[in-house]
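For reference, the structure is listed below as structure tokens.
Values reported hereafter were calculated over all heavy atoms of this structure, with side chains retained and with hydrogens, waters and symmetry mates removed. Atoms within each ligand, like the ligands themselves, are counted from 1 in listed order.
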Amino acid sequence: MKNIVILISGRGSNMQALVEANIPDARIAAVLSNNPQAAGLAWAAERGIATAALNHRDFPDRAAFDRAMADKIDAHAPDLVVLAGFMRILTPEFCRHYENRLINIHPSLLPAFTGLHTHQRALDEGCRIAGCTVHFATAELDNGPIIAQAAVPVLDGDDADTLAARVLAAEHQIFPQAVADFVSGSLKIVGKRVINARRRQAPPALH
Ligand code: GAR
């Protein structure tokens, strides 16, 4: 059984998709947040999952917050830490501590559009395809080895909200699958690439 700790900052729909996927051999040990008001915390608590919030505003600096968050996480002996809409930049020390066991979901087709406002930026650039990426998180923002991506069309008439909704539906597909692949031991990091034993055996349908 692999222990998973999920970090959220808000709504938590990716966290919900992960919980509802009931991944074999995975246990959601805790859902933690930097935002005590995060709606996802209440959702998780209602389902009997351990929850806690550490308000980053209560800490003098980023490093102090990250150290306190790591202590909270490590109390749950995690095999995997998942960033599911966790909207804080993490220190290199934090990322190194969880090296190769820290996974992030990002709402763009990386390496395009790291950071914030990905959907508006994709629209502003005239992209005809947008999407999302699940990747191992490293000290370099939104730049770790890519586990999975899904593409969606950009439709004429889209605004950032309609595009975000289409991308989010794709996030809910690839995120639980990527975590399941980690838990089953299918993922191997080779340099910047992730080799996925499941995909080698039977190529899935295109997302
Ligand atoms: C998701 O779209 C996720 O990809 C994005 O925040 C949203 C959270 O939604 N994450 C980032 O932008 C990280 N840089 P959720 O709380 O409903 O899962």
| message | A cation-pi test, strictly: NZ or CZ of Arg67 under 6.0 Å from the centre of the six-membered ring of Phe94 and no more than 45 degrees from its axis. Yes or no? | response | no

| task | Say whether, by atom type as modelled, one donor and one acceptor occur between the side chain of Asp181 and the main chain of Ser186 under 3.5 angstrom. | result | no

| message | What protein heavy atom lies closest to atom 12 (O) of ligand 1? Include the residue and the distance to one decimal. | response | Pro107 CD, 3.4 Å

| query | Please state which protein non-hydrogen atom is closest to atom 15 (P) of ligand 1 and give its distance, to 0.1 Å? | reply | Ser13 N, 3.4 Å

| query | If hydrogens are left out, which of Met87, Glu171, Gln16, Met15 has an atom nearest to atom 1 (C) of ligand 1, that is, the closest non-hydrogen atom? | reply | Glu171

| message | Given Gly10, Gly12, Ala84, Ser9, identify the one with the heavy atom nearest to atom 16 (O) of ligand 1. | response | Gly12

| said: Take a 6.0 Å sphere around CD1 of Ile129 and say whether it holds more than 12 heavy atoms from other residues, nucleotides or ligands. | reply: no

| query | For Arg166 and Asp161, what are the C-alpha separation, side-chain angles and deciding distance, and is it a salt bridge (Lys or Arg N to Asp or Glu O under 4.0 Å)? | reply | CA-CA 9 Å; Arg166 195 173 308 116; Asp161 290 340; over 6 Å; no

| field | Nearest non-hydrogen protein atom, atom 8 (C) of ligand 1 | value | Gly85 CA, 3.7 Å

| field | Numbered atoms and elements of ligand 1 in range of His106, under 4.0 angstrom, heavy atoms | value | 4 (O), 14 (N)

| field | Parallel, tilted or perpendicular: rings of Phe65 and His56 (30°, 60°) | value | perpendicular

| How close does the nearest protein non-hydrogen atom get to atom 9 (O) of ligand 1, and which residue and atom is it? | Arg11 NH2, 3.0 Å

| said: For ligand 1, which is the ligand I care about here, please tell me if Asn14 has any N or O atom under 3.5 Å from one of the ligand's N or O atoms. | reply: yes

| Any donor-acceptor pair under 3.5 Å from Arg193 side chain to Ile189 backbone | no

| message | If we only consider heavy atoms of Ile8, is any one of them less than 4.0 Å away from an atom in ligand 1? | response | no

| said: I need the single residue from Val154, Thr162, Thr118 that forms a side chain to side chain contact (heavy atoms under 4.5 Å, CB included) with Leu123. Which is it? | reply: Val154

